[in-house]
A.B. asks: 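One structure is given below, represented as structure tokens, and several questions about it will come after.
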Amino acid sequence: MTTFKELGLSPDIQKAIDELGFTEPSPIQEEGIPPLLAGHDVIGRAQTGTGKTAAFGIPMLQYLDPDNDEVQAVVLTPTRELCIQVTQALRTYAEHLDIEIVAVFGGAPIRSQQSQLRSGAHVVVATVGRMKDLISRRSLVLTAARFVVLDEADEMLDLGFLEDVEKILRMCPSGRQTALFSATMPPPIQRLAEGYMYDPIMVSITPETLTVDAIEQAYVEVSGRDKTDKLVEVLEAEDPEQAIMFCRTKLGCARLERDLRNRGLGVKALHGDLSQGSRDGVMISFKGRRTKLLVATDIAARGLDIEHVTHIINYDLPNTSETYVHRIGRTGRAGRTGRAITFVTPAQRKDLEQIKSDMKISIMAWETPEERLEHAPRLRGRQGGGAPLDEQPATSNGDPRSGPAEDRDSSRDSDRPEKTDRPEPPEVPEGRTKLFINRGKRSGITEDDLRWALQEGAVLPEEAVSEIRILDRFSFVEIDSDRAEKTVEFLDGSKLKGSEIRVEVARS
Ligand code: AMP
């Protein structure tokens, strides 16, 4: 694993990264930053949540000359929300640099943006339409823009901006460096890359990694008529910190908001029929965690990076597998786990099967958190504890280190032990045993707490504990095998940070 220090960042950028608490580069940063720093064009297949903004932002900031007042870099984004988000992120990375970053987007007065540009901008982050407008009014000149980023290029394609993007690219110097980020690479984007990029290096963070790594996925089969009732039941059972519920249409979105409101739930909607002002209001309230539940259409929620979303609910099944990945990628951010729950009507079962096979993912029938816990495998040989662990198939829905698993349709037999959301632990070295603990970050458990429990509680010497890993809802510890049984005996059912913990030998 490369560290940020090894990437050779300028001290001022490194300082900002340190202050943000980023300890190591994300995969897209690890692979994307070096070629961009070396001046290559890069195509990054990655979406929001992977750390792509820093992947292009850091090399971009490092390239800029603060003493040159021209616009030296532009970032094109498909939506106003993403434009604002990227600008905010870049400003944090540029905290200790003398660099002006200006956001220009539609739906806001053009005058103030013109005056910001007049005052000087090294970087302009823009939506396509507004950038075109500012260029035609001669408020923006791109002749010195030698670093160009197309962010979420496939979204720009979907929104019909590709031709305008090409026009803008033609206005930038031909010797520029271009970075293109896109979650998918449909043919028009490939053609754009061929026509406007020079020998680009491909860097790919596959959707499979994103979905399988940190997001527990489930489906709920429900008739169209019962959907709202079922949604209320799911929300009550899951008790999300924050959830986004996706609807296919603006009308459906408005209707669901009203229905949920009528049932006394605090909910807001985000869709294209709202004024920009209302959309901003909703976003601010959701990002500030004053709103817990958000009903949104795909377009409105594009590229949003919201930290605390614990649940994505596909109230309407997405049209394509790509959309499925886009939607659920809004949870399970930066080391957290999230849950994605997809509603399907009986007629849509085959569409869900298609998503599962396209994305090579496993989606289980939904169970309440209590049922999930009940179905988690019990300790080998325990009385009344369900099937022995070595008879239980593995699952892959939660462990950042597990790979894609063979799909299983758990609706076939509700009593089968495979219906567990417990992640499969990775390989354990000889002489070590991995223990599973049913609490994680969400219960406030830290590495120090577990170390304390193991060393002070179960009286293990320090060297008997080789690894501690805290996930959102679970933890794993690796200890000397000959101490495993006693440790389980001692810790299982004990209290840690006020909550009872269950400790078991994890299947290896
Ligand atoms: P992005 O995909 O650029 O929208 O980033 C998603 C989230 O990950 C943002 O909240 C970033 O602040 C955060 N992030 C980006 N890079 C890192 C990193 N190396 N370590 C931890 N968090 C990061």
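Below, each value reflects all heavy atoms present in this structure, side chains not excepted, and no hydrogens, waters or symmetry copies. Order of listing sets the numbers, starting from 1, for every ligand and every atom in it.
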A.B. asks: What's the shortest heavy-atom distance between Tyr93 and Ile17, and which atoms?
C.D. replies: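 Here Tyr93 and Ile17 meet closest at CD2-CD1, 4.2 Å.
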A.B. asks: Is the closest heavy-atom distance from Ser26 to ligand 1 below 4.0 Å?
C.D. replies: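 Right, Ser26 reaches ligand 1.
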A.B. asks: If the cut-off is 4.0 Å to any non-hydrogen atom of Thr53, which atoms of ligand 1 fall inside it?
C.D. replies: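 Close to Thr53: 1 (P), 3 (O), 4 (O).
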A.B. asks: Any N/O of Glu24 closer than 3.5 Å to an N/O of ligand 1?
C.D. replies: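 Between Glu24 and ligand 1 (N or O atoms, distance only) the closest approach is under 3.5 Å.
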A.B. asks: Phe4 heavy atoms, cut-off 4.0 Å: which ligand 1 atoms fall inside?
C.D. replies: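 Going through ligand 1 atom by atom, the ones under 4.0 Å from Phe4 are 19 (N).
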A.B. asks: Can you tell whether the side chains of Arg469 and Glu478 come within less than 4.0 Å, N to carboxylate O?
C.D. replies: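 So Arg469 does not pair with Glu478 through a salt bridge.
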A.B. asks: Of Thr87, Val86, Leu64, which is the lone residue that meets side chain to side chain contact (heavy atoms under 4.5 Å, CB included) with Ile101?
C.D. replies: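 So the option named by the test is Thr87.
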A.B. asks: Quick check: Phe56 with Phe181 (ring centres under 6.0 Å apart)?
C.D. replies: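 Yes, the ring centres sit under 6.0 Å apart.
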